[in-house]
Trainee: 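Have a look at this one before I ask anything.
Order of the sequence lines fixes the chain letters, A, B, ..., with proteins taken first and strands second; residue numbering starts at 1 for each chain. Hydrogens, waters and symmetry mates play no part in the numbers below; they use all other heavy atoms, side chains included. The structure presented is a predicted model; accordingly, all values stated were derived computationally and were not measured.
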Amino acid sequence: MRIATWNVNSVTARLPRLLSWLSSAEPDVVCLQELKCDEAAFPSREVGELGYDVACNGGGRWNGVAVLSRVGLGDITTGLADEPGFEGETQRRAIGVTCAGVRLWSVYVPNGREVGHPHYTYKLRWLEALHATVLAERDPGRPFAVLGDFNIAPTDDDVWDITAFAGSTHVTDPERKALTMLAEAGLTDLVPRALKYERPYTYWDYRQLAFPKNRGMRIDLVYANAAFADAVTDAYVDREARKGKGASDHAPVVVDLDISAR
DNA sequence: ATGACGATCCTCGATCGA
């Protein structure tokens with residue numbers, strides 16, 4: 001079973017890329033983030049022609065998450081329980097599904113903007129709600145994972161130069177503490193292989209030649225319970241998908257598991 | 001070669017991203 005997560009930075013702008021990637025990588029399940037489109041505008045027909053069902057939580061100009069599956073899709077949960085909002089509105093940042101007996105969440109954690117900004121407070125509160133969801137769904141007997149754009153680099157080695165991030169979001173102790181809480185809830189950070197260079201970055205800014213210079217960050221993460229992690233046979237960042245014109249600024253993270261469908 | 005930001009709409013400038 002092949003499961004991937006990919007922040008596509010607009011599913012409609014990325015549709016040709018997404019379809020060709022689905023055809024070549026042949027994932028069974030894909031968690032998507034930053035759809036930037038309404039549910040009604042999601043290209044369900046196009047991905048359906050490749051055999052995928054869709055569960056989508058999207059709306060408006062920003063955010064939006066979905067899961068594509070060609071091995072079944074059930075128990076769809078839109079949003080976290082008691083999910084905090086920003087400026088009075090709940091945003092489209094989480095969707096939970098069950099695919100072939102594997103429980104998955106596709107998440108797009110708030111960016112935070114600046115340390116001390118209301119959006120940063122929102123980010124930390126949102127992560128508390130995610131933690132609560134993980135605790136509520138804890139079941140050692142069932143493979144479980146939270147996949148998505150966490151907007152947090154777990155360690156200093158997960159950014160190209162930690163000194164360039166002094167005072168920035170994504171690397172602060174409170175953000176990393178939220179990841180520690182997920183670990184204490186029984187989840188493991190599945191670190192993928194990098195297919196080039198040493199560090200498995202998943203995001204490179206569009207600006208200033210960040211990608212060719214490999215000035216990246218590992219912020220797209222897979223947090224999995226033991227039943228999931230123990231079944232993993234391989235995990236890698238598909239940096240090929242970041243190349244060239246028309247790419248997302250994130251690359252897909254691909255995880256292979258030896259789990260038979262139930 | 002992987003090449004100097006891109007997507008969106010309340011659209012040609014402001015907002016967001018990280």
Trainee: What interatomic distance, in whole Å, is found between P of dT11(B) and the corresponding atom of dC16(B)?
Mentor: 16 Å
Trainee: Strictly below 4.0 Å: does S248(A) bring a side-chain N or O up to OP1 or OP2 of dG6(B)?
Mentor: no
Trainee: Can you tell me how far C1' in dC10(B) sits from the matching atom in dA4(B), rounded to whole Å?
Mentor: 31 Å
Trainee: Applying salt bridge (charged side-chain N to carboxylate O under 4.0 Å, His left out), name anything that partners E198(A), two or more places apart in sequence or on another chain.
Mentor: none
Trainee: Treat each ILVMFWY residue as a node, draw an edge where side-chain heavy atoms are under 4.5 Å apart, and state whether F211(A) and Y203(A) are in one component.
Mentor: yes
Trainee: If we take the P atom in both dA7(B) and dA18(B), what is their distance in whole Å?
Mentor: 14 Å
Trainee: Give every residue pair that meets the salt bridge (charged side-chain N to carboxylate O under 4.0 Å, His left out) criterion with at least one member in residues 59-87 of chain A, sequence neighbours excluded.
Mentor: D28(A)-R70(A)
Trainee: Check the distance between dG6(B)'s C1' and F211(A)'s CZ and give it to me in whole angstrom.
Mentor: 16 Å
Trainee: Under the side chain to side chain donor-acceptor pair (under 3.5 Å) test, which residues partner W160(A), sequence neighbours left out?
Mentor: none
Trainee: How does DNA chain B read in dot-bracket, base by base from 5' to 3', with Watson-Crick or G-U pairs under 3.5 Å and | used when the partner is on another strand?
Mentor: ....(((((...))))).
Trainee: Give the B/S/- string for nucleotides 9-18 of chain B, one per nucleotide from 5' to 3', where a protein heavy atom under 4.0 Å of the base yields B, of only the sugar-phosphate yields S, and otherwise -.
Mentor: B----BBBBB
Trainee: Quick one: side chain to side chain donor-acceptor pair (under 3.5 Å) partners of H131(A), sequence neighbours excluded?
Mentor: none
Trainee: In a table with atom names and distances, give each donor-acceptor pair under 3.5 Å that connects a side chain of residues 12-19 of chain A to protein atoms at least two apart or in another chain.
Mentor:
residue: T12(A); atom: OG1; partner: S10(A); partner atom: OG; Å: 3.3
residue: R14(A); atom: NE; partner: V8(A); partner atom: O; Å: 2.7
residue: R14(A); atom: NH1; partner: G246(A); partner atom: O; Å: 3.0
residue: R14(A); atom: NH2; partner: V8(A); partner atom: O; Å: 3.4
residue: R14(A); atom: NH2; partner: N9(A); partner atom: O; Å: 2.7
residue: R17(A); atom: NE; partner: G246(A); partner atom: O; Å: 3.2
residue: R17(A); atom: NH1; partner: A241(A); partner atom: O; Å: 3.1
residue: R17(A); atom: NH1; partner: K243(A); partner atom: O; Å: 3.1
residue: R17(A); atom: NH2; partner: K243(A); partner atom: O; Å: 2.6
residue: R17(A); atom: NH2; partner: K245(A); partner atom: O; Å: 2.8

Trainee: Looking at every heavy atom in both D161(A) and T163(A), which two are closest together, and how far apart are they?
Mentor: OD1-OG1, 2.7 Å
Trainee: Taking salt bridge (charged side-chain N to carboxylate O under 4.0 Å, His left out) as the test, write out the residues that go with R103(A), two or more places apart.
Mentor: E137(A)
Trainee: Within residues 191-201 of chain A, find the residues that approach DNA chain B with a heavy atom at under 4.0 Å, and present them sorted by residue number.
Mentor: K196(A), Y197(A)
Trainee: D38(A): what forms a side chain to side chain donor-acceptor pair (under 3.5 Å) with it, not counting sequence neighbours?
Mentor: none
Trainee: Describe the nucleic acid contact of R14(A) in one word from base, sugar-phosphate, nothing, applying a heavy-atom distance below 4.0 Å.
Mentor: sugar-phosphate
Trainee: Output all residues satisfying salt bridge (charged side-chain N to carboxylate O under 4.0 Å, His left out) with R218(A), sequence neighbours left out; order by chain, then residue number.
Mentor: D158(A), D189(A)
Trainee: Without decimals, in angstroms, what is the distance between R17(A) CZ and dA7(B) C1'?
Mentor: 15 Å
Trainee: Taking CG from L35(A) and C1' from dG6(B), how many angstroms apart are they, rounded to a whole number?
Mentor: 17 Å
Trainee: Give me the distance, rounded to whole Å, that separates dT8(B) from dT2(B) when you measure between the P atoms they each carry.
Mentor: 24 Å
Trainee: Nearest-Å distance, NZ (K243(A)) to C1' (dC5(B))?
Mentor: 20 Å
Trainee: Would you classify T12(A) as touching base, sugar-phosphate or nothing, given that sugar-phosphate means primed atoms plus P, OP1 and OP2, and contacts are heavy atoms under 4.0 Å?
Mentor: sugar-phosphate
Trainee: According to side chain to side chain donor-acceptor pair (under 3.5 Å), who are the partners of R2(A), at least two apart in sequence or on a separate chain?
Mentor: D256(A)
Trainee: Using the closest heavy atom to pick a nucleotide of DNA chain B for each, name whichever of A247(A) or R242(A) lands nearer the 5' end.
Mentor: R242(A)
Trainee: Report the residue from N63(A), T5(A), N7(A) that forms a side-chain hydrogen bond (donor to acceptor under 3.5 Å, both in side chains) with Q33(A).
Mentor: T5(A)
